[in-house]
Amino acid sequence: MDFYYVPGSAPCRAVQMTAKAVNVDLNLKLTNLQAGEHLKPEFVKLNPQHTVPTLVDGGFSLWESRAIQIYLVEKYGKNDSLYPQDPQKRAVVNQRLYFDMGTLYQRFADYWYPQIFAKAPANPDNLKKMEEGVEFLNTFLEGKSFVAGDNLTVADLSILATISSYEVAGFEFSKFPNVQKWYDNIKDTAPGHEINKAGCEAFKRFF
Ligand SMILES: N[C@@H](CCC(=O)N[C@@H](CS)C(=O)NCC(=O)O)C(=O)O
């Protein structure tokens, strides 16, 4: 299975951890975004949206990290624990995945990417929004060990990748004790956590 990626990218790290969790070997295709490799016709043929991560399983090409995570679990998982069949349990996992994509990761990107990629000044309103996103996660985690339900799911792996990026950026978690506790528990135990850490090392060079 070919996997187009860059190590520092949180969405790529989330997929790599999920692949580990279901014991799937990825054929790593490092994609140099700075050199525009993702804009080459052969890549755009695989993914017209030209984003990494992109997975190619036989002739089937898929992008959007959370869609890839779900595909890997549904196709290769030994059971449904990472992405439960039960409609309400699955709905909560989906809610957290959409929360990550639309709020937690998005607000990180809105605050940091103009600064690190366009050397723009920090926007204090975006910092507040980013902190509010982490506060929401802190509330979801009240009295819980996992972000959705009572066991590890793809939502934990997606949010672990995002929160690891927050840590790389020097985010102060002490005001968010439930997030801190969840992160401390999962960052050295999640399947593929070593890959996540190595990717974070690569991401550090932007800060
Ligand atoms: N929502 C997407 C985000 C993917 C994304 O934005 N990837 C970035 C790298 S982290 C990228 O490929 N940027 C190049 C581009 O958009 O042309 C996902 O979760 O997979």
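Note that this is a predicted model, so its numbers are computed, not measured. Start at 1 and go down the list; that is how both ligands and their atoms are numbered.
When hydrogens are left out, the protein atom nearest atom 14 (C) of ligand 1 is H38 CD2, 3.6 Å; that is the closest non-hydrogen contact. Counting protein heavy atoms only, atom 13 (N) of ligand 1 is closest to L33 CD1, 4.1 Å. Among protein heavy atoms, the minimum distance from atom 19 (O) of ligand 1 is reached at S65 OG, 2.7 Å. Protein heavy atom closest to atom 17 (O) of ligand 1, with residue, atom name and distance, is H50 ND1, 2.9 Å. Looking only at protein heavy atoms, the nearest one to atom 16 (O) of ligand 1 is T51 CG2, 3.6 Å.
In this structure, F173 and Y183 have tilted ring planes: the angle between them lies in the 30° to 60° band.
Aromatic pair Y71/F60: ring centres closer than 6.0 Å. For F207 and W112, the ring centers are positioned less than 6.0 Å apart.
Residue-ligand proximity, S9 to ligand 1, at heavy-atom distances under 4.0 Å covers atoms 10 (S). The distance from ligand 1 to the heavy atoms of P11 drops below 4.0 Å at these ligand atoms: 18 (C), 19 (O), 20 (O). Counting the atoms of ligand 1 from 1 in the order shown, those under 4.0 Å from a heavy atom of R66 are 19 (O).
Considering each of T31, L62, V52, the one bringing a non-hydrogen atom nearest atom 8 (C) of ligand 1 is V52. Comparing heavy-atom distances from atom 2 (C) of ligand 1 across Q106, E64, M101, Q49 singles out E64 as nearest.
Side-chain contact between V93 and Y83 is present, with heavy atoms from C-beta onward closer than 4.5 Å. At least one side-chain heavy atom of W63 sits less than 4.5 Å from a side-chain heavy atom of P48.
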So R66 and D100, salt bridge (charged side-chain N to carboxylate O under 4.0 Å, His left out) or not? Walk me through it. CA-CA 10 Å; R66 296 159 192 87; D100 185 30; 3.0 Å; yes
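For the residue pair S174 and E172, a side-chain donor N or O sits within less than 3.5 Å of a side-chain acceptor on the partner.
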